[in-house]
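Just so we're on the same page: letters track the sequence lines, and every chain starts at 1.
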2 protein chains.
Amino acid sequence: MQPLTPASLNPAILNVEYAVRGELAIKAEEYRNQLKNPDHELPFDRVISSNIGNPQQKGLDQPPITFVRQIAALMEYPALATLAPTAFPSDVLARAAELQSEIGSIGAYSHSQGVPYIRHSVAKFIAERDGFTGHYAEYSDPNAIFLTAGASAGVSLLLSMLIASKNDGILIPIPQYPLYTAAIAQFEGKPIPYYLSSSTSAGWQTSVPDIREAIAKAKKEGTNPKALVVINPGNPTGSVLDRSTMDDLVKVCEEHSLVLLADEVYQDNLHARVDDPSVSFTSLKKVTHALQSPIPLISFHSTSKGVLGECGRRGGYFECTNISPEVRALIYKMVSVGLCPPLQGQIAVDTLVRPPKQGEPSYALWKEETGTIHKALASRTSTMTTRLNALPGVKCYPSPGALYLFPEITLSEKAVKAAKEKGKAADALYALELLDETGICVVPGSGFGQKEGVWHYRLTCLCPGVDEYVGKLEKFHKGWVEKYGV
Amino acid sequence: MQPLTPASLNPAILNVEYAVRGELAIKAEEYRNQLKNPDHELPFDRVISSNIGNPQQKGLDQPPITFVRQIAALMEYPALATLAPTAFPSDVLARAAELQSEIGSIGAYSHSQGVPYIRHSVAKFIAERDGFTGHYAEYSDPNAIFLTAGASAGVSLLLSMLIASKNDGILIPIPQYPLYTAAIAQFEGKPIPYYLSSSTSAGWQTSVPDIREAIAKAKKEGTNPKALVVINPGNPTGSVLDRSTMDDLVKVCEEHSLVLLADEVYQDNLHARVDDPSVSFTSLKKVTHALQSPIPLISFHSTSKGVLGECGRRGGYFECTNISPEVRALIYKMVSVGLCPPLQGQIAVDTLVRPPKQGEPSYALWKEETGTIHKALASRTSTMTTRLNALPGVKCYPSPGALYLFPEITLSEKAVKAAKEKGKAADALYALELLDETGICVVPGSGFGQKEGVWHYRLTCLCPGVDEYVGKLEKFHKGWVEKYGV
Ligand SMILES: Cc1ncc(COP(=O)(O)O)c(C=O)c1O
Ligand SMILES: Cc1ncc(COP(=O)(O)O)c(C=O)c1O
């Protein structure tokens, strides 16, 4: 009998890296356990998991949207409509009854692609969001929408299908969300990095000429570019694409026959909208449609971000544009092997795309709750940016969208050397000492990919008390500078 | 711009087949839509989806277990504990409060491996189920348990990791549950079929000598057997393994250094237990432990089957036995890319492994509800077996467990020829005509793999009115025999 060893497993698995939940996150978990012991002797009394955009986690405790949870509870236990009718507003009772009559029990497997009724609601939402005035199905086909267990499941599936050989490449922004490099490694494709540039005036920018260059270089090396990943608003950068860049992205895909993978999970996190409701999100679907472009486009959305922050139920969808019925049938076949996406994730998608309307009983509370979350996020993002920028050797570009900051930190040679001795990247050492001293867990920039010798870390703007949080970051940074210099 | 075509996709995807939700299921869906039109002109007025073990689906409407749903509703909307306290028994309120204090909001991503607290409960359940009397963690390590989005997600993940090259083979029972062939095709391994035999006296049997032969044959052909899949109780066969066969299965794995993949999702569907509570399920974990065998074992369980039938929430777990911490760390890394299993699936696992105990307020109702489901399933299984066996050319072996029957049907040369002309297997034609005439959707045996020229179909024992259901099957079969002979 030979034991099962890593060496006997799929070698592609060994190459997968996923920094968001890597070494630091595991250590943070250990600290959290240690803190349960009153004699813990740690220099902090709680762990703040800023490594992951997880607004409702313990310690951050962003409250869920009441409307979402009321409907979810009624779907779980429909008898509540008669047992406790006064616990629910009438529009919630009506919505739950409507969903129940369409779906039946949420304890049943649904259509593998997701409940058809909810897919229609998604299509309507997409058409309205993009300002399409005809019948929604002419703009967004419910049969081209797949509900998923979070955006992650959709991204992994699509990459597993698009990567047909070891020479197939996927263009990804650097810095990127590490799901992309992880899935590309798992399915044995080649990442083709295109670097985002940062400047104090414009923040993080996507350069289409740089993408063209990356394509040319990849082709020269024998890599066949298959798809272009765009994350908008960006993670970890928080940047938002302008329209002319989006036009050019579509044109690049046309020229090189690329599938455009549009990760738009932060579409509802635009901080400027708090002060100016005319600010709106432009989807790559809208741009593709306006240009009448034939490029195959897959757009991803999720219930995990925005103001819902419903990460735990694993809800999301992707929409296929300019994808043939034959290819869609293959996608259907693959999702059917997993049977169906979680029903409570699907229900959350319904509430995401059909929030209460003005005049409905739930509207006022919904408006207040979502407004509070939007406002708090925008104000924390701006406070944190200002205060981090005031620290020696820290450059923190404006982050107009998403949930994160991605400050650049100058790390001295002494620090780089000290890190090397521990077998670590310098920003990983920074993040590790930050965790050890303050209990704040962030992700080192190296986890997102970065140019040699440029150091960053990513942290979320999701803390409850911003003063205490930034205070800890400041104190730690000053101590670090004393120890290692700038 | 070149369009995206199936030919440009991962060729492994094209080879995936998944019969349970294949052509017939899609046609059934179309009929279901057609029936909404009052002038539908179909010869039936409802579609019965017997192709899939989905007890709570519309039309079957197996009621959910109240205890499960009450806890789920409180997790969604904790305010109900004060808004509607009388709607919940005190043990439900206490359980929900306990889970909330451990988990926080179910809107947060949990530990990627699943909530640690729930994993402890699973470990306790496993130890108790297997009659282990020491401390549960000595028998089942909570750190070796991974909560999953249904058993499917776990099976797919493990196969993706175990298949390291195109020569790696996975031993699967034939007939099998098509998840296995689908995942093996996707991850480009080789299925190594071992055939189950059927006899009127003993029903479906697993023959360990046949497995040895299959291994020898595979090795001769250059295939490297990596793992042995065992489904117990069986799907589609309904058979239950005896202890001596289980002992031998463990020994085969020892001899050939195979990972044993024990799909035990039907462990709570043992029909004999309805009349004899001393009948109990023997897990492959228990056998491995009793033999003090070092074989790596992964055991899968699910919230979808048993009496819970909570398919839609995607809950389940797998337990790793004799799997090194290094390999477990790799599994952890892979699940962390998908962030976490759905929280409502995890909560359902908790209720699965911690049902109400005698003396607790919820016990009586739970006992009644679960008893009713067990009894109905056992009685339908036996009625259907008897009546199907009475039909000309039909042999239906006893099905002591799971949710299915897998009758063998003799199909005449005329039928085989007619099917061939339509480009179909003969049992696929049978299933298609059954659907067209009665609205009953079953899965042809060819979807589960079968010996040449032997025909079957699989149907679930989940219909509400067994008389009407079997009546339709009988009438159809008689018509078929008139048309094609036996
Ligand atoms: C850019 C981006 N895409 C996708 C996801 C996946 O989220 P989920 O799977 O919860 O929808 C995340 C999560 O943080 C993300 O930041
Ligand atoms: C043998 C077997 N294994 C696994 C599964 C997967 O079920 P789930 O993913 O819902 O847990 C099924 C479902 O029918 C099954 O029959």
Heavy-atom pairs under 4.5 Å with chain B: which of A/Ile323, A/Ile295, A/Leu60 has the most? A/Ile295
Do you know which of A/Thr86, A/Leu14, A/Leu179, A/Ile71 has the most heavy-atom pairs with chain B at a distance under 4.5 angstrom? A/Leu14
Any heavy-atom pair between the side chains of B/Thr460 and B/Ile52 that's under 4.5 Å? no
To the nearest 0.5 Å, what is the distance between CD (B/Glu188) and CG (B/Leu159)? 13.5 Å
Output the option from B/Pro296, B/Gly315, B/Ala329, B/Ala84 having the highest count of non-hydrogen pairs under 4.5 Å with chain A. B/Pro296
List in chain and number order the residues that pass side-chain hydrogen bond (donor to acceptor under 3.5 Å, both in side chains) with B/Asp168, two or more places apart in sequence or in another chain; answer none if no residue qualifies. B/Asn224, B/Lys226
Look at A/Gln344, A/Lys333, A/Gln346 and state which one has the largest set of heavy-atom pairs under 4.5 Å with chain B. A/Lys333
Minimum heavy-atom distance between B/Pro116 and B/His111, given as atom pair plus value: CD-CB, 4.1 Å
Identify which of B/Gly309, B/Gly345, B/Ser160, B/Ser324 forms the greatest number of heavy-atom pairs closer than 4.5 Å to chain A. B/Ser160
Please identify, among A/Pro63, A/Cys311, A/Pro341, the residue contributing the most non-hydrogen atom pairs under 4.5 Å to chain B. A/Cys311
Region of B/Gln62 in contact with chain A, defined by heavy-atom distances below 4.5 Å: neither
Mind checking side-chain hydrogen bond (donor to acceptor under 3.5 Å, both in side chains) for A/Thr66 and listing every partner two or more places apart, or none if nothing turns up? A/Glu369
Given heavy-atom pairs under 4.5 angstrom as the criterion, report whether the side chain, backbone, both or neither of A/Met161 touches chain B. both
Using modelled atom types only, decide if a donor and an acceptor are shared between the side chain of B/Asn54 and the backbone of A/Tyr109 within a distance under 3.5 Å. yes
Tell me, for A/Leu74 versus chain B, whether the close heavy atoms (under 4.5 Å) come from the side chain, the backbone, both or neither. neither
With chain A, which of B/Asn322, B/Asp61, B/Val327, B/Leu330 has the greatest number of heavy-atom pairs at distances under 4.5 Å? B/Val327
Against chain B, work out which of A/Leu343, A/Leu83, A/Leu258, A/Val337 has the most heavy-atom pairs shorter than 4.5 Å and name it. A/Val337
Under 4.5 Å from any heavy atom of chain A, what part of B/Ser49 do you find: side chain, backbone, both or neither? neither
What part of A/Pro6 gets closer than 4.5 Å to chain B, counting heavy atoms only: side chain, backbone, both or neither? both
Side chain, backbone, both or neither: which part of A/Thr82 has a non-hydrogen atom closer than 4.5 Å to chain B? neither
Tabulate, in ascending numerical order, the residues of residues 149-156 of chain B having at least one heavy atom closer than 4.5 Å to a heavy atom of chain A, or enter 'none'. B/Ser152
Proximal component of A/Leu308, with respect to chain B [non-hydrogen, under 4.5 Å]: neither
Taking B/Glu29, B/Gln2, B/Gln57, B/His256 one by one, which has the highest count of heavy-atom pairs under 4.5 Å against chain A? B/Gln2
Chain B heavy atoms under 4.5 Å from A/Ile163: which part of the residue, side chain, backbone, both or neither? backbone
Side chains of B/Glu310 and B/Thr303: do they bring a donor and an acceptor to under 3.5 Å? no
Residue pair B/Thr351 / B/Arg69, side-chain donor-acceptor N/O under 3.5 Å: no
Where on A/Glu255 is there a heavy atom nearer than 4.5 Å to chain B: the side chain, the backbone, both, or neither? neither
Hey, is the main chain of A/Leu339 close enough, under 3.5 Å, to the side chain of A/Ser112 for a donor-acceptor pair? yes
Side chains of A/Gln113 and A/Tyr332: do they bring a donor and an acceptor to under 3.5 Å? no
B/Arg313/A/Glu76 ion pair, N-O < 4.0 Å: yes
All salt bridge (Lys or Arg N to Asp or Glu O under 4.0 Å) counterparts of B/Glu326, not counting sequence neighbours: none
Side chain, backbone, both or neither of A/Pro55 within contact of chain B (heavy atoms, under 4.5 Å): neither
About how many Å separate CG of A/Asn10 and CG of A/Asn15, when rounded to the nearest 0.5 Å? 9.0 Å
Of the backbone (N, CA, C, O) and the side chain (C-beta and beyond), which part of A/Glu102 lies under 4.5 Å from a heavy atom of chain B, both, or neither? backbone
Is there a side-chain contact between A/Phe88 and A/Leu80, using heavy atoms and a 4.5 Å cut-off? yes
Select one option (side chain, backbone, both, neither) describing which atoms of A/Val259 are under 4.5 Å from chain B's heavy atoms. side chain
